[in-house]
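Below: one structure, written as structure tokens.
Whatever order the structure lists ligands and atoms in, that order sets their numbers, starting from 1.
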Amino acid sequence: MIELYAAATPNGRRAAIGLEEAGLPYRLHRLELSAGQHRTPEFLRLNPNGKIPVLSEPDEALVLAESGAILIYLAERSGMLLPPAGPRRFATLQWLFFQVGSVGPMSGQYNHFRRRTPRDIYAFERYQSEVLRILGVMETALKDREFLAGEFSVADIALVPWLRALQRWEMSFSTFPGLVAWYQRVLHRPAVQRGFKVLEVE
Ligand SMILES: N[C@@H](CCC(=O)N[C@@H](CS)C(=O)NCC(=O)O)C(=O)O
């Protein structure tokens, strides 16, 4: 049985959505980050970096951190969401790494400096403009296709929770029509809705 250690954050949601889309059975361990449950000795044994998500599959002797690696594992485990070879595989990986390396870190820093008082204007504006630039890159890609790598894939799963978070963090992307249409398309998927729901607080 796959065990998922996650919290209601964009990276945690990525993993839950990946599991739901892959249709793999799993047991969810919901961590409370504000209570420091990701800093306990038990959790640090799973991920010495002290971050969620972590996926473990004891039958395979596997303990895996980093949401990008987790999504690739789920895709290969299920034979879905990532083509096995060819240009589309690499287009998918390109967009997945773009999410993990740019969208997540830049959006996280944007939110950090957005909430800081007194506001550090330089840092806030730097991350705000970088997030807007990145959204523009995705808008260009989504103008002529339904999903980032053509067909629905782990790249779309990696992005959707960050866009939902950005919306809640006062970062509107309504000026990017391709991105808005893509967002609605992805949110309509029942597995994506389930992935969001499993981590909601009751
Ligand atoms: N590169 C990691 C980032 C993981 C990450 O930053 N997780 C956040 C939640 S979204 C976390 O655990 N934060 C707790 C902390 O840093 O104390 C991934 O993609 O999984």
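Salt-bridge annotation for Glu57 and Arg77: present, with a side-chain N of the basic residue lying under 4.0 Å from a carboxylate O of the acidic one. Using a cut-off of 4.0 Å between Lys/Arg side-chain N and Asp/Glu carboxylate O, Glu130 and Arg133 are scored as salt-bridged.
Ranking the protein heavy atoms by distance from atom 10 (S) of ligand 1 puts Thr9 OG1, 3.0 Å first. Looking at atom 3 (C) of ligand 1, its nearest protein heavy atom turns out to be Asn11 ND2, 3.5 Å. Regarding atom 19 (O) of ligand 1, its nearest protein heavy-atom neighbour is Ser67 OG, 2.7 Å.
Atom 17 (O) of ligand 1 has its nearest heavy-atom neighbour, among Glu66, Lys51, Arg39, in Arg39. Among Ile52, Ile70, Leu33, the residue whose heavy atom lies nearest to atom 4 (C) of ligand 1 is Ile52.
Classified by interplanar angle (parallel below 30°, tilted 30° to 60°, perpendicular above 60°), the ring pair Trp162/Trp169 is perpendicular.
Remark: aromatic rings of Phe43 and His38 are distant, center separation not under 6.0 Å.
With Arg14 as the partner, the side chain to side chain contact (heavy atoms under 4.5 Å, CB included) test is satisfied by one option alone out of Val100, Ile70, Leu159: Val100.
Under a 4.0 angstrom heavy-atom cut-off, Pro53 registers as being in contact with ligand 1.
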